[in-house]
Amino acid sequence: MIKKLLDSSWFYYGAAILLVVGYVATQLQVQLPARSFGDIEDLREIQEMEDLNVVFVLIDTLRADHLQPYGYERETSPVMNRLAETGIVLRNHVAQSTWTKTSMASLWTGTYPVSNEVLNYQHAIPEAATLPAEIFRDAGYRTTGLYRNGWVAHEFGFQQGFEKYVRPQTAQTQAAVQRAQNSPHSLVGNDWDLTTSAAQFMELYKDEPFFLYVHYMDVHQFAYEAESALFGVEYKDAYDNAIHWTDRNVEYLVAKLEELELMDNTLLVIASDHGEAFREHGNEGHAKDLYGETIRTPVIIALPWFLDEPLVITDVTENIDLMPTILELAGLAPVDETDGRSLVPLLMGEPDPNPGPAYAHLERAWARAEDEEPIVAIRTDDQKFVWWRNWKPRPIIELYDLDSDMGEQVNVASEETEEVDAFLEMAQAYLDREPASWGVSPEAVELDDQKLGILKALGYVIED
Ligand SMILES: [Zn+2]
């Protein structure tokens, strides 16, 4: 029998095929952490998981269009690409503001900036607000938040619900991270401090359900290790180098989850608070305007199983939708009343119960305690409207046709007066919205010189 098999040419073909399949399988194993395969219909099963973990990775200052899943030509994020290829990508996603505190207050509370009123450098989220970490903690999850950005520090109310909410100490053995030349940023330490702390947390709590928030900062700081210096030395190149370096931090987190055999029961969500401008509209940095380069952010969701096909959502979605979505996936009650909606129906291919345009809002005078200079942006499927309401000598009104002008370069407001009127009405209705359901306006936190120094190290000019 064996002789006969060996004589048969089919045997050799079969062996060759097996070798190829084996080789591909090995490659898959190298490239992708071990999880089961499944499809999106299994989504509801997450809610039944008793031991689900949620890892929420926030990459500060990451604009969507510098990642390949959003069309970028440079391979800035091989690990996040692979997570996107086997997970969910929100393609037309909008952050609620273009600086960290206002944007993150919206993300966590699921409410628009005009509702939660966290608009200037002194404002803090009130105790009366219910934050998702409180819901996770009360449901028996271990909760930890790790950050380096002073805008999400304790004094601004972001610690609510986290059993541990820490800015990790700078490690003795620092990774050799460098910054872009002429960088205005001088924050000490680097994101490896966060990654190693996150790994320690996961090891400690691997046998209990946990909610872990890791807020990376090195993209904001244009900081990267030599091995990630793949794209040159110009300022914009340094930004891409920093994305690559952050991607390697994500790789380590994923490897840790795999080592602890947690990939099959962990929901990993990657998002950002705002993008970064490189003079597309004259400004460099962020916190100055609401154009696409600063409000269009990525969202990549890795489920506890591989999707055979990536799920790419092209509907307009917003950061205020993320926590309602994550809480529903975890089978937990939502935060009281949010402006954001759970995206679970949309992900399941069901009708979206609450589709609508996205709003972004920047109080342009955020670095001062007085004055009101709101800028409001509205993003629909194919249009982008921007209203600089109190701009002197007269308000600025912009309308862009995203089908032909994704870069928002040709203002067609003067040709589309009827549409502009409709958008103006929507923008005014946005500014007139009721305050958030907890009914308490933010407290103003007095910041001492040390705190102001930490915030200024992020490169912000605060007029104290
Ligand atoms: Zn930020």
Side-chain angles (χ1 to χ4, degrees), residues 56-67 93-109 113 116 118-125 145-159 165 167 179-180 183-191 194 213-224 238-239 242-243 245-246 249-250 269-278 283-299 318-320 322-323 360-364 366-367 375 377 451-452 454-462:
F56 181 59
V57 174
L58 193 293
I59 302 176
D60 206 294
T61 319
L62 181 58
R63 55 187 277 181
D65 64 355
H66 277 238
L67 299 181
H93 192 77
V94 171
Q96 263 54 64
S97 196
T98 55
W99 69 295
T100 310
K101 189 167 57 172
T102 294
S103 185
M104 291 306 295
S106 280
L107 189 153
W108 284 121
T109 61
N116 63 52
V118 179
L119 294 168
N120 80 26
Y121 77 103
Q122 288 184 314
H123 287 156
I125 302 174
L146 303 166
Y147 70 96
R148 294 173 59 226
N149 187 330
W151 290 127
V152 295
H154 290 74
E155 55 263 49
F156 297 125
F158 288 89
Q159 86 297 348
Y165 195 70
R167 188 192 158 135
R179 284 199 190 95
S183 166
H185 309 296
S186 56
L187 195 64
V188 293
N190 65 63
D191 282 348
L194 296 174
Y213 159 49
V214 186
H215 188 132
Y216 283 125
M217 266 313 267
D218 279 344
V219 175
H220 184 289
Q221 301 300 101
F222 287 63
Y224 53 92
Y239 180 75
I243 295 172
W245 157 240
T246 306
N249 281 267
V250 173
V269 179
I270 299 170
S272 182
D273 56 343
H274 52 79
E276 181 79 347
F278 294 97
N283 284 324
E284 199 161 69
H286 53 268
K288 296 165 187 161
D289 56 45
L290 294 174
Y291 297 110
E293 54 271 17
T294 53
I295 69 164
R296 200 168 158 236
T297 54
V299 176
E318 309 176 73
N319 265 353
I320 53 171
L322 293 182
M323 288 301 150
H361 178 180
L362 176 68
E363 177 45 62
R364 209 170 167 277
W366 66 266
I375 315 172
K451 296 277 163 47
L452 280 171
I454 291 171
L455 297 172
K456 285 175 179 172
L458 302 174
Y460 294 103
V461 179
I462 301 163

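Note: hydrogens, waters and symmetry copies are ignored here, and every other heavy atom, side chains too, is used. Counting starts at 1 for both ligands and their atoms, following the listed order. What you are looking at is a predicted structure, and each value in this text was computed from that prediction instead of being measured. Position 1 is the first residue of the sequence; numbering continues from there.
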S.K.: Do you know which two heavy atoms are closest between Ala64 and Thr297, and how far apart they sit?
M.R.: CB-C, 3.7 Å
S.K.: Is Thr100 close enough that one of its N/O/S atoms sits under 2.8 Å from the Zn ion (ligand 1)?
M.R.: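 Given the 2.8 Å cut-off, Thr100 counts as a ligand of the Zn ion (ligand 1).
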S.K.: What pair of heavy atoms forms the shortest contact from Lys101 to His123, and how long is it?
M.R.: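 Heavy atoms of Lys101 and His123 come nearest at NZ-O, 2.7 Å.
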S.K.: What pairs with His220 under ring pair (Phe, Tyr, Trp, His ring centres under 6.0 Å), at least two apart in sequence or on another chain?
M.R.: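 In terms of ring pair (Phe, Tyr, Trp, His ring centres under 6.0 Å), with neighbours along the sequence ignored, His220 is linked to His185, His286, Tyr460.
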S.K.: May I have the angle between His274 NE2 and Asp273 OD2 with its vertex at the Zn ion (ligand 1), rounded to 10°?
M.R.: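 It is 100°, given to the nearest 10°.
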S.K.: Nearest N/O/S atom of Asp60 with respect to the Zn ion (ligand 1), by atom name, please.
M.R.: OD1
S.K.: Do the charged groups of Asp218 and Arg148 touch, with an N to O distance under 4.0 Å?
M.R.: yes
